[in-house]
Amino acid sequence: MRLTLNIWRQRDAASAGSMQKYELDGVSEDMSFLEMLDVLNEQLNEKGEEPVAFDSDCREGICGNCGLMINGQAHGPEVTTTCQLHMRSFKDGDDITIEPWRSDVFPVLRDLIVDRSAFDRIIQAGGYISANTGSAPDAHAAPVEKKKADRAFDVATCIACGACVAACPNGSASLFMGAKITHLGELPQGQPERWDRVVNMVGQHDAEGFGGCTNIGECTAACPKEIPLDVISQLNKDLRTALKHGR
């Protein structure tokens with residue numbers, strides 16, 4: 001395939017950025033999107049030009065570092081991570097626009113790399129348990145209702161990639177936060193901090209500058225792990241209960 005790539009280039013956080021156009025030929029439909037960018041960077045290196053900076057780590061859809069806006073969609077046209085998006089999703093001659101996550105809370109560090117440390121600070125504010133985990137307990141040591149265990153496992157698949165924030169018109173991180181709140185709230189180990197957790201995490205979320213949720217649903221539509229929208233309902237329910245009890 002021959003592609004035209006329109007890529008956001010920005011030297012650093014203090015510099016102004018702009019879109020740059022690149023022509024790329026010989027792209028295989030079996031390449032992943034990141035492999036296609038690797039090919040582009042090899043060509044730029046051969047020309048003595050600065051390669052495009054982008055984040056990646058596992059390239060297996062696990063870590064979430066690779067998030068990009070592709071033709072205006074978080075992670076691109078498929079419900080998956082950018083590293084698991086393959087070029088068979090595009091056609092020969094396509095124009096593809098590639099940008100970093102669109103959010104003031106995720107400032108651009110260089111080209112397509114953003115600073116997502118705001119998520120880390122939300123987790124630090126309450127996404128933990130004080131229970132002494134020690135060594136692995138016996139499987140029956142802390143019985144958990146199957147329905148709750150299944151739900152905890154399902155929402156724990158959130159990889160904190162930031163697609164929910166990038167897709168949300170309000171720039172809310174409620175889906176991410178709701179997944180973490182629900183995961184720990186369904187388990188007995190998460191009960192001691194349950195009410196302080198939700199108050200502290202929501203407070204940090206707002207202090208970081210994320211927007212409020214208005215239940216538009218773009219977040220769950222863009223989520224590569226398909227975290228359901230009802231985790232936000234659980235977040236709001238826990239928050240109301242915590243405030244009711246003076247937390």
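We count residues from 1, following the sequence as given. Just so we're clear, the structure is a prediction, and the values are computed from it rather than from any experiment.
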When you look at Q189 and I129, which way does the side-chain contact (heavy atoms from CB on, under 4.5 Å) test go after all the steps?
-> CA-CA 7 Å; Q189 296 92 335; I129 62 171; 3.7 Å; yes

Please walk me through it: do F176 and V165 pass side-chain contact (heavy atoms from CB on, under 4.5 Å)?
-> CA-CA 8 Å; F176 157 75; V165 178; 5.8 Å; no

M36 and L24: CA distance, side-chain angles, deciding distance, side-chain contact (heavy atoms from CB on, under 4.5 Å) verdict | CA-CA 9 Å; M36 179 274 293; L24 188 61; 3.7 Å; yes

So C168 and I216, side-chain contact (heavy atoms from CB on, under 4.5 Å) or not? Walk me through it.
-> CA-CA 8 Å; C168 176; I216 293 171; 5.9 Å; no

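Cluster annotation: L44 is connected to I7 through the hydrophobic network of ILVMFWY side chains, with a link wherever side-chain heavy atoms come within less than 4.5 Å. No chain of hydrophobic side-chain contacts below 4.5 Å, direct or via other Ile, Leu, Val, Met, Phe, Trp or Tyr residues, connects L175 to V202.
For R151 and D230, the salt-bridge test passes: some basic side-chain N is under 4.0 Å from an acidic carboxylate O.
Residue P192 comes nearest to P188 through the heavy atom pair CD-O, 3.9 Å, listed as atom of the first residue, atom of the second, then distance. Q20 and S18 get closest at one heavy-atom pair: NE2-OG, 3.0 Å. Contact record, V198 with I181: CA-CD1, 3.7 Å, taken as the closest heavy-atom pair. The minimum heavy-atom distance between A118 and E208, with the atom names listed, is CB-OE1, 3.7 Å. Nearest heavy-atom pair across G61 and I159 is O-CD1, 4.1 Å. A pairwise comparison of heavy atoms in W195 and A242 identifies O-CB, 3.6 Å as the closest pair.
A side-chain N or O of E78 and one of S89 form a donor-acceptor pair less than 3.5 Å apart. Side chains of H75 and T82: a donor on one and an acceptor on the other come within 3.5 Å. For the residue pair N170 and T214, a side-chain donor N or O sits within less than 3.5 Å of a side-chain acceptor on the partner.
Within the 3.5 Å criterion, the main-chain N or O of S56 finds no donor-acceptor partner in the side chain of N65. Judged purely by atom type and a 3.5 angstrom limit, S32 uses its side chain to pair as donor or acceptor with the backbone of E35. Using modelled atom types, one side-chain atom of N45 and one backbone atom of N41 make a donor-acceptor pair closer than 3.5 Å.
Between E23 and T4, some side-chain heavy-atom pair lies under the 4.5 Å cut-off. Considering only heavy atoms from C-beta on, W8 comes within 4.5 Å of P100 through its side chain. Within the 4.5 Å cutoff, side-chain heavy atoms of I70 are placed close to those of I96. Inter-residue side-chain proximity for H205 and S172 is flagged as met; some heavy-atom pair is nearer than 4.5 Å. With contacts defined as side-chain heavy-atom distances shorter than 4.5 Å, the pair T81/C66 qualifies. In this structure, the side chains of F33 and Q84 stay at 4.5 Å or more apart for every pair of heavy atoms. Within the 4.5 Å cutoff, side-chain heavy atoms of I123 are placed close to those of K180. Under the 4.5 Å side-chain criterion, counting only non-hydrogen atoms from C-beta, E99 is in contact with R102.
By the neighbour-count criterion of 12 heavy atoms within 6.0 Å, atom CG of D30 is densely surrounded, having more than that number from other residues, nucleotides or ligands.
For residues 191-206, the salt bridge (Lys or Arg N to Asp or Glu O under 4.0 Å) pairs, not counting sequence neighbours, are E193-R197, R194-D238, D196-R247.
Just one residue in the list R110, R9, R11 forms a side chain to side chain donor-acceptor pair (under 3.5 Å) with E50, and that residue is R110.
Applying the side-chain hydrogen bond (donor to acceptor under 3.5 Å, both in side chains) rule to D12 yields the partners S15; only residues at least two apart in sequence or on another chain are considered.
Residue W101 holds its CH2 atom at 6.5 Å from CE of M69, rounded to the nearest 0.5 Å.
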